[in-house]
Amino acid sequence: MLRARKETAGWMPGATFGPSLRAGLVAILTALFAAVLLAGCASGPGPEVLDPVGAPAAGARSVRLFVATTRTPEAPAGHRFTRGRSAEPAFAEYTVSVPPDHTAGQIEWPKGRPAAATTFAVLGHRALAPATFHGDIAADAAGHGARKVALFVHGYNTSFQQALFRLAQMVADSNIDGTPILFAWPSEAAVAGYVADRDAAALSRDALANLLVRLAADRRVGEITVMAHSMGGWLTVEVLRQLRLSGHGAVLSRLNVVLAAPDIDIDLFRAQMQVIGPFPRPVVVLVSPDDRALLVSRRIGGDRPRLGALEIGDPRVEAGARAARIAIVDISEVEGPGSLNHDRFVGLAALYPRLAADERRGGGLFNKVGTFIFDTVDATLAAPAAAASPVGAAGE
C-alpha cells in the first residue's frame, strides 16, 4: 500500500514507496511508458500538410497566425520547418483554413492532401523580416481594437505543423479578439526525444525573451497573454526568470501568463518564482492530477512531483499558491483530445467567450490567487472542498 510521507518543507506533498511495492511499481511504470510510446508511435502528420492549397472553401474559416521559430526552414523562405535548430529566429505568417464541420477541441487532419472543405489546410504563407513581423503584428492588433496579442508556446514531442494547427484550432474555437502568435521551438517530435527537447527548449530561451521584450516595447501592442504547454511551460518560466535577472522586469508587468500542464519540477518552480516575484495579475497554472504524460515525466525526473499534476486539495498546495500569489486550477473536468489527459487545456478554447465575460466582471482566471476547480458547466472557478483557506481575490 502506498504511504504518503508528510513533508514540512515546501508546498508539495511527496510520496515514498515501500520495498515490497517496487516490483509492482516497475510493472505499472513500464505499462505507462508503453502507453505513451504507443500514443506517440501513431504516424503524425508530415510537413506536406503545410503545402498551401490556395483557394478557400465555402463555409470554412480563415485564421491568420504569426510565427516566430528557432527551427530551420527546409529551404530559404520555405513554408516547412524542420527539427533543426537555428541561433537566429525566423519569422512568418500563415493563413490556416478551418473546415466548416470542425468539431471544437479537435484538429481535422488530412489523410492525404489537405482539402479546405474537410480538413485543416494552409491557404497561404509569407516569410517575414523581423521589422515586418513586428509591424504587421502591431497593425493586426490595432485592427482588433483591444490591441491584444496571444502567444502560444507548444510542448514536448510536437512538430511544427502540430503546433501551428493546434493554435489555429484554439483561435477558431475561442473567437479571441486578439492577434495569435506561435513560438515554435525545435522539438524532435519524437517520444524518445525528451532530453533533446529539453536542450532545444533551453537553446530557445534568448529568442523567446527577445520576442517578449520587443512586443512589450511596442506601445501599439496592448495586453500580452502567454499560453505555454507542458515543456513549453518550463521554457516560459525560465524566460520570465531571465527577464527579471536581466533588468527587463517591466516586461513582466505587461504579461498574463497561463501554464497548461507545465512539465516543471515543483521545487524548481518554487525557486523560479522566488526570483521572478509576483505579477500584477496572478500566473495561472492549469493542472490535472491524472495527467499520464506528467506521471512518466515525474518518473524520468527521479520521482520528483511535476507542477502540472498537483493535487489541489492539499492545504499545503493552497497555502503555497497564495504565498506565491498564483492561481492553481484543476481542469480535470475539461474534455481534451487523446487518452493521456495532457492536452485538456485545448478544451478551454470553446469556453473562452464565457471566461472573457467573467474576466470583465472582475472574476476569471487572472483575478484570483489560491487553488480552484474549474466548473465546466458554468465556466467558473470553485474552491476545492478540502482547501484550508477561503477563495481570495488577487487584491486581497
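Worth knowing before you read on, the calculation uses all heavy atoms, side chains too, and leaves out hydrogens, waters and symmetry mates. This one's a predicted model, so the numbers in the text were calculated from it and none came from an experiment.
Checked against the 6.0 Å centroid threshold, Phe160 and His154 do not count as a close aromatic pair.
Note that CZ of Phe66 is 12.5 Å distant from CG of Leu182, once rounded to the nearest 0.5 Å. Remark: Phe279 CZ to Leu252 CG distance equals 4.5 Å, nearest 0.5 Å. Rounding to the nearest 0.5 Å gives a distance of 11.0 Å between CG of Leu307 and CZ of Arg270. Here Leu211 contributes atom CG and Phe133 contributes atom CZ; the two are 5.5 Å apart, rounded to the nearest 0.5 Å. Atom CD of Glu238 is separated from atom CD1 of Ile276 by 8.0 Å, given to the nearest 0.5 angstrom. Atom CZ of Phe81 and atom CD of Glu74 lie 10.0 Å apart (nearest 0.5 Å).
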**Message:** Apply side-chain contact (heavy atoms from CB on, under 4.5 Å) to residues Ile326 and Phe269 and explain how you reach the verdict.
**Reply:** CA-CA 12 Å; Ile326 65 176; Phe269 179 70; 3.8 Å; yes
**Request:** List the steps and the verdict of side-chain contact (heavy atoms from CB on, under 4.5 Å) for Leu151 and Val149.
**Result:** CA-CA 7 Å; Leu151 176 66; Val149 300; 5.9 Å; no
**Request:** Could you check Phe152 against His229 for ring pair (Phe, Tyr, Trp, His ring centres under 6.0 Å), going step by step and ending with a plain yes or no?
**Result:** CA-CA 8 Å; Phe152 175 54; His229 178 230; 7.3 Å; no
**Prompt:** Run the side-chain contact (heavy atoms from CB on, under 4.5 Å) check on Leu381 and Phe374 step by step: do they pass?
**Reply:** CA-CA 5 Å; Leu381 304 181; Phe374 186 79; 3.8 Å; yes
**Asked** Can you list the steps and then say if Leu348 with Leu286 is a side-chain contact (heavy atoms from CB on, under 4.5 Å)?
**Response** CA-CA 10 Å; Leu348 291 176; Leu286 306 179; 3.6 Å; yes
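Leu203 and Leu235 fall into different hydrophobic clusters, defined by Ile, Leu, Val, Met, Phe, Trp and Tyr side-chain heavy atoms under 4.5 Å apart, directly or through other members. The hydrophobic cluster containing Val275 does not contain Val257, counting ILVMFWY residues as joined when their side-chain heavy atoms lie under 4.5 angstrom apart, directly or transitively. Under a hydrophobic-cluster definition in which Ile, Leu, Val, Met, Phe, Trp and Tyr are linked whenever side-chain heavy atoms come within less than 4.5 Å, directly or via other members, Val67 and Leu123 are assigned to different clusters. Both Val213 and Val239 belong to a common hydrophobic cluster when Ile, Leu, Val, Met, Phe, Trp and Tyr are linked at side-chain heavy-atom distances under 4.5 angstrom. Leu294 and Val237 fall into different hydrophobic clusters, defined by Ile, Leu, Val, Met, Phe, Trp and Tyr side-chain heavy atoms under 4.5 Å apart, directly or through other members.
For Thr70, the side chain to side chain donor-acceptor pair (under 3.5 Å) criterion is met by Ser204, not counting sequence neighbours. Scanning for side chain to side chain donor-acceptor pair (under 3.5 Å) contacts around Thr119 gives an empty result, with sequence neighbours left out. Under the side chain to side chain donor-acceptor pair (under 3.5 Å) criterion, Thr225 pairs with Asn256, sequence neighbours left out. Residues passing the salt bridge (Lys or Arg N to Asp or Glu O under 4.0 Å) test with Arg344, sequence neighbours excluded: Asp290. By the side chain to side chain donor-acceptor pair (under 3.5 Å) test, Arg126 pairs with Glu93, Asp136, sequence neighbours left out.
Side chains of Asp101 and Pro99 form no contact here, defined as non-hydrogen atoms less than 4.5 Å apart. Inter-residue side-chain proximity for Asp197 and Trp185 is flagged as met; some heavy-atom pair is nearer than 4.5 Å.
In the model, Ser86 has no side-chain atom that pairs as donor or acceptor with a side-chain atom of Thr72 under 3.5 Å. A donor-acceptor pair shorter than 3.5 Å cannot be found between the side chains of Ser230 and Asp263. The closest side-chain donor-acceptor pair between Ser288 and Asn341, if any, does not fall under 3.5 angstrom.
Among residues at least two apart or in separate chains, there is no ring-ring contact (aromatic ring centres under 6.0 Å, His included) pair with a member in residues 290-329.
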